[in-house]
Structure formats: C-alpha cells, structure tokens
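Sequence lines set the chain letters: A, B, ... in the order given, protein chains first and strands last, and positions in each chain run from 1. Because the structure is predicted, anything quoted here is derived from the model rather than measured. Worth knowing before you read on, the calculation uses all heavy atoms, side chains too, and leaves out hydrogens, waters and symmetry mates.
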Amino acid sequence: MTDNSTIWEVFIQSKNGLAHKHAGNVHADDKEMALQNARDLYTRRNEGSCIWVVKSEHIVSSESEDGEAFFDPSNDKMYRHPTFYTMPDGSKHI
Amino acid sequence: MDLLKYTLRIADSSIILGQRLSSWCSKGPTLEEDIALSNLSLDLFGQANSLLEYASELDGTKSADDFAFKRNEREFYNLQLTEQLNGHFGDTIVRHFFFSVYSFLFYSKLSNSKDETLAAISTKSLKEIKYHLTHSKSWVIRLGDGTEESNKRIQKSLNDLWQFTGEFFEMDDIDQKMYKEGIGVNNSSLKSEWDKIVNTTLKESNLIRPEDGYMQSGSKNGMHTEHLGHLLSEMQFLPRAYPDAKW
Amino acid sequence: MNELIFQERIDSERKIEPKDWMPDDYRKHLIRQISQHAHSEVIGMQPEGNWISRAPSLRAKMILLAKVQDEAGHGLYLYSACETLGISREELVSQLHQEKAKYSSIFNYPTLSWADMGAIGWLVDGAAIVNQVSLQRTSYGPYSRGMIKICKEESFHQRQGYEIMAEMAKGTSEQKEMAQDALNRFWWPSIMMFGPHDADSPRTGNAMKWKIKRQTNDELRQSFIDKTVHQAEIIGLTIPDPELKWNEERGHYDFGEMNWDEFWNVVNGNGPCNKQRLDHHKKAHEEGRWVREAATSYAQKQLKK
C-alpha cells in the first residue's frame with residue numbers, strides 16, 4: 001500500500017470445486033503484490049486453494065435501489081458463533 | 001554427535017533469522033508488509049521448532065526450548081548472514097532473498113535425505129520457502145527498478161551483505177560425512193544454481209552483482225559476528241533469569 | 001423522505017450498504033468509530049510487539065507473533081470497511097498522526113513484564129470481545145461483516161492470555177507475583193475501555209438509534225466484569241477492587257468507581273505511552289516512504305510496458 005496505491009477486491013476459493021467467494025479487499029501496487037497481500041491477509045488459517053484479485057475499479061455493480069426487484073439480498077444473514085461466554089466450572093481455559 | 005550438530009546448524013539459521021524478522025512487527029513500511037514479514041518469521045520459527053524437536057530427540061536430555069534458550073553464543077551454528085541487523089527494509093529484503101534462494105536449493109536436496117525426519121521437515125519447509133523466495137525476489141525487483149533512491153539503497157544492501165554469501169557453499173568434515181551417508185547436502189553443488197537465480201534477478205532489477213571479495217566464515221564452529229551476542233541476550237533473558245520457571 | 005426510509009431500514013434490522021443513502025451524521029459517526037477501531041488494532045500491535053523478542057518459549061513466541069499479526073489483519077479489515085464510506089487510508093493515517101482521530105486508551109499503558117502479555121490477552125482482548133460480539137449486529141454492512149470475521153479470529157487471543165496468567169499463577173512465587181502485578185496494573189484501564197458512563201456519553205443516543213451500537217457502555221462493562229471475576233478466582237488471582245461484590249438482587253457484580261481523572265487524562269493525550277505510540281507509528285510510516293514510492297514507481301513502469 002502506498003500513498004496512492006490501488007484497491008483490489010479479493011475472491012477466495014477455499015476448496016477445489018467450490019466457487020470463489022468475496023473475502024474483502026487489499027491495497028497493492030502491482031498484481032503480484034495484490035496476490036501476496038491477499039494470501040497473507042485472508043488465508044492465514046489455510047482458508048484458500050485459489051485466489052483471484054481484481055482491481056476495484058473494474059467491478060461493475062447494480063444499484064441497490066433495484067433491490068427486491070433485482071435480487072433477494074442475502075448478505076444480512078448472521079453466522080452462528082462459538083459462544084465466548086460459557087466457561088466450564090473449574091476449567092483453566094475459557 | 002555429527003547428526004545433532006548438522007541438525008542444529010539448520011535449526012539455528014531458522015531461529016535466528018526468524019528472531020530478526022519478528023522485530024519488524026509494527027514497523028513495516030505498510031501494514032500489509034508488516035503481516036507478510038510476520039508470516040515469514042512464523043514460518044521460520046515453525047521450521048526451527050521442528051528441527052530443534054528433532055535435535056532434542058537425538059540428544060536425549062535437552063528439550064527444544066533448552067536448545068533455543070540455554071546455549072551460549074559459541075554453541076550456535078546459524079549462518080552469519082542471519083544474525084545481521086535488520087537495517088532498513090532493503091537490507092532485510094536482500095538478506096532474505098540471499099537466504100531464501102539458498103534455503104530453497106538446500107531443502108530441495110535435503111527432501112531426499114536418507115534421514116526420514118530431515119526429509120519430512122525439508123518437504124514441508126520447501127513449500128513455505130518457495131513463498132519466501134517469491135516474496136523477497138518481488139521486492140528486490142521492485143526496489144531495484146523502482147526509484148533512483150530505492151535502487152541506490154538496495155545496491156548498497158547487496159554490496160554490504162555480499163561478504164556473508166560465501167558460507168552457504170562451504171563443506172567441512174561434518175558436511176562431507178553427512179553427504180557421504182546420503183543424509184546431508186553437498187553445499188558447494190548449490191552454488192551455480194544460486195548464482196543463476198541471483199544473477200537473473202539482479203539483471204531484471206537494474207542491479208549490479210557485487211564483486212567477490214573477502215567472505216566471512218566460521219559459523220559452522222560457532223564463530224560469529226558481534227551481533228549474535230546481543231540478539232541472544234534479548235531472546236534468552238527470561239528463561240535464564242528464572243531458571244526454575246515453566247512458562 | 002430519505003431519512004424516513006433510512007430509519008425504517010434500521011428499525012427493521014436491514015443492513016445499510018455503501019451505496020445506500022445515509023444521513024451525513026451517520027456517515028461521519030461511522031467514519032470516526034470504524035477508523036478509531038482500526039487505529040486501535042494497529043497501535044495495539046506495539047505494546048504486545050514489545051515482548052515478541054523476549055517470549056520465554058518457542059511456543060509462546062509463535063503464538064504471540066500470530067496474535068499480533070491477527071491484529072494487523074483486523075486493522076486492515078477495518079480500514080477497508082471505513083474506506084467504503086468515502087475516505088482514503090491516507091487521510092485516515094493522517095488523522096491519526098495529527099491526533100484528530102483517537103485509538104483505544106488502553107494501548108497508552110506500557111507492557112513492563114511478560115505477565116502483561118497474559119493480562120492483555122485475558123482482559124484487554126476479553127473486553128474487546130464483549131464489545132465486538134455486540135458490534136456484529138451493527139447496522140452498517142461492511143462494519144458488521146468485518147466484525148464477524150474479527151470475532152471468528154479473536155477466540156484464541158483471549159485464551160492465550162488467560163493460559164499465560166493461569167500458568168504463572170500456579171508457577172513459582174516470582175511468577176505468581178508477576179501475574180498479580182500485571183492484573184493490578186491492567187484491571188482498571190481494561191474497565192475504562194468501555195468508555196464513560198452512559199450518562200456522560202453524548203454520542204450514545206444517536207449510536208443506539210441508528211443501531212451502530214447495540215448495547216451501551218455500562219451494559220457492556222457490566223457484562224465484562226461479570227464474566228471475568230470468576231475467571232480470576234479460578235486461577236487464584238485477586239482483582240484490585242475492594243468494592244467488588246456480588247449483588248444478589250441485581251444479579252450482577254457491584255464494583256468501585258473508576259478514576260475518571262486518569263481516564264480523561266489518558267484520553268486527552270497525557271498517558272504514559274501516548275507520545276511513544278504515536279511517534280513509533282509516525283517513524284515507521286516515514287521510514288517506509290521510500291519503499292512505498294518505489295513500489296508505486298515500479299508499478300507505473302509495468303503499466304507503460
């Protein structure tokens with residue numbers, strides 16, 4: 001990332017056979033850096049077998065006002081999470 | 001025991017270079033590169049850990065942590081290159097590039113070792129080192145062919161660190177013995193490939209290969225530059241200050 | 001009209017996305033909150049980074065390094081989320097350097113012993129988790145998704161810290177003393193992480209109305225204390241608050257009053273490490289300038305080829 005670096009959107013295929021999924025974005029100056037930064041940021045826990053990076057400026061998006069007519073937004077589904085609050089009695093670890 | 005010392009030589013380069021890289025945490029030129037350097041450091045510590053666990057097995061009395069935290073300066077066998085100061089980002093990248101090319105070639109050969117443990121560790125490490133090589137090489141090229149300032153800086157890094165590249169290709173009695181037994185690597189056979197990769201990269205980066213001159217030597221017998229002592233003081237302080245403590 | 005549609009969306013638990021219309025104040029509030037959260041992750045790398053080189057075992061060293069690396073990653077997720085609101089990372093860094101943006105005050109305290117690594121993981125990450133789990137339900141889409149990702153990764157951070165404290169508390173007498181000392185120094189600053197009392201927090205109103213915040217400062221603080229007291233008891237350490245007492249009627253722990261002078265002093269720049277943390281960040285940024293410029297220049301050359 002530099003004072004003027006480009007933003008790239010990152011898509012990860014976590015396992016062979018699955019579709020690439022948008023993971024977020026990275027700053028980078030060239031495509032090698034974008035791939036490496038994406039690997040370092042989004043696959044630290046081995047979440048990836050293949051990474052795509054695309055300059056954000058090349059993404060074409062529909063307007064969200066098209067909303068219900070265009071597609072059914074599914075990005076507000078919440079994940080279930082491991083509970084951080086239960087601690088087995090007497091346990092040293094949380 | 002020769003196999004133990006041979007293993008420690010490899011382990012020590014990993015742990016010392018890992019330690020150096022870990023100091024970049026929160027000081028990287030970008031947040032992205034901060035993460036990248038930490039990644040490289042973690043890989044090296046992981047390799048060191050596996051190797052020191054093996055050393056511990058071979059030794060029979062000391063643990064991996066004992067090897068890491070209780071040996072003194074003259075008992076470490078890391079390549080002198082690995083203990084050199086981080087300097088600026090260019091110095092760190094050149095140090096890493098030189099080491100990664102060597103390490104890649106070394107582990108490639110060592111994955112065929114008759115010693116199953118060393119072979120297995122090498123195969124795993126090779127996957128990681130390939131990335132170290134790609135990463136550091138990309139940066140050598142970017143800095144060499146970036147701005148005038150970056151070219152000048154990294155050229156100096158090359159010139160300053162060149163004297164530590166001779167050690168990669170040395171063979172002493174232990175190396176010869178290990179090689180003859182099909183366990184170790186013929187280090188001198190790595191030189192031509194190392195030169196090829198380095199020369200190609202430097203050409204692509206608008207950089208000049210330094211002239212061969214005096215080459216530092218001695219790490220195989222625990223002879224180091226003055227930097228190692230300070231590094232170990234910091235790294236080993238806690239276990240030495242609290243010898244009875246378990247952490 | 002837009003305001004009504006916007007508020008309706010909020011009230012029906014739908015997410016606001018970058019291209020949606022939003023009140024100017026909502027945008028400003030989010031930029032401030034998300035960027036300060038991002039800055040906190042990044043500055044937070046310093047106090048913990050301070051002990052990486054001296055970690056007392058290989059395992060401890062690797063775990064700590066991985067943890068701090070995660071924090072850098074969290075900073076990146078949050079800067080990304082913030083940029084969707086129409087501000088660049090450069091501007092955000094500049095705001096930090098000019099002290100126009102803040103970061104969590106907890107990181108203005110020094111890490112003086114290895115036990116501090118335990119205290120920070122257990123208490124500071126613990127407090128952050130309470131806050132972050134709540135924020136997963138925040139109304140702004142990119143922020144919410146960032147928080148979900150962060151929460152998934154955060155789980156080992158607190159366990160790492162608690163394990164360090166537990167081991168030391170049952171170790172040598174020197175280790176136990178070190179652990180207790182770390183707890184003594186980090187307890188109150190951790191409680192202060194939740195901010196001023198609700199009554200003294202002017203932005204809480206809007207934050208709750210727009211569902212940027214889902215629970216108030218005091219609610220979160222109480223939640224954290226209730227969880228943590230038992231954890232301290234199990235490992236045999238004493239929380240440095242003589243007024244800490246279970247209140248059967250309320251179903252919560254009563255606790256002592258924070259030192260609000262200290263709180264405001266540190267928030268306003270007069271803490272033990274404020275200058276050091278910012279100088280460190282500025283120095284790294286400045287020293288990296290030639291590297292960033294080289295990368296840009298190289299990339300431009302490639303485009304011309």
Side-chain angles (χ1 to χ4, degrees), chain A residues 1-18 20-59 61 79 81-82 84 87-88 90-94, chain B residues 18 21-22 24-46 88-90 92-93 96-97 100 104 124-125 127-147 149-151 153-154 200-201 204-206 246-247:
Chain A
M1 156 258 176
T2 78
D3 303 68
N4 285 310
S5 66
T6 316
I7 300 183
W8 306 66
E9 300 301 323
V10 178
F11 300 84
I12 312 248
Q13 181 195 44
S14 57
K15 234 171 68 176
N16 180 263
L18 297 178
H20 278 70
K21 205 171 129 188
H22 184 239
N25 63 37
V26 288
H27 284 235
D29 294 284
D30 55 61
K31 55 190 187 200
E32 282 79 21
M33 197 195 276
L35 276 174
Q36 285 166 31
N37 287 351
R39 174 202 184 267
D40 287 334
L41 183 56
Y42 294 110
T43 68
R44 278 202 307 287
R45 285 165 166 77
N46 295 313
E47 304 98 299
S49 75
C50 177
I51 302 176
W52 290 346
V53 289
V54 182
K55 286 190 191 177
S56 299
E57 72 203 32
H58 291 156
I59 303 258
S61 159
Y79 295 97
H81 289 277
F84 295 100
M87 294 160 289
S91 166
K92 289 179 294 217
H93 303 284
I94 350 171
Chain B
L21 283 173
S22 68
W24 272 101
C25 197
S26 81
K27 298 178 186 150
T30 65
L31 204 45
E32 285 84 352
E33 194 55 29
D34 215 298
I35 295 181
L37 292 169
S38 302
N39 242 359
L40 303 182
S41 175
L42 271 168
D43 283 347
L44 289 168
F45 280 130
H88 58 63
F89 185 69
T92 290
I93 283 301
H96 210 74
F97 176 61
S100 301
F104 169 72
K124 180 165 183 278
S125 304
K127 284 194 201 126
E128 295 170 343
I129 285 291
K130 276 190 190 144
Y131 181 71
H132 289 224
L133 181 48
T134 307
H135 191 86
S136 56
K137 186 174 160 193
S138 302
W139 272 111
V140 170
I141 297 172
R142 257 179 229 123
L143 296 177
D145 194 20
T147 60
E149 181 184 2
S150 67
N151 180 281
R153 284 207 198 208
I154 200 171
T200 312
T201 306
E204 204 183 322
S205 325
N206 247 354
K246 285 200 193 67
W247 303 92

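- Among the residues in residues 131-140 of chain B, those with a non-hydrogen atom closer than 4.5 angstrom to a non-hydrogen atom of chain A are B/Tyr131, B/Thr134, B/His135, B/Ser138, B/Trp139.
- The environment of A/Trp52 atom CH2 is sparse: at most 12 non-hydrogen atoms of other residues, nucleotides or ligands sit within 6.0 angstrom.
- Remark: B/Glu33 CD to A/Met33 CE distance equals 7.5 Å, nearest 0.5 Å.
- Within residues 37-44 of chain B, the residues having any heavy atom closer than 4.5 Å to a heavy atom of chain A are B/Asn39, listed by residue number.
- Taking a 6.0 Å sphere around NZ of B/Lys246, one finds it holds 12 or fewer heavy atoms contributed by other residues, nucleotides or ligands.
- The side-chain heavy atoms of A/Glu32 and B/Arg142, taken from C-beta on, include a pair separated by under 4.5 Å.
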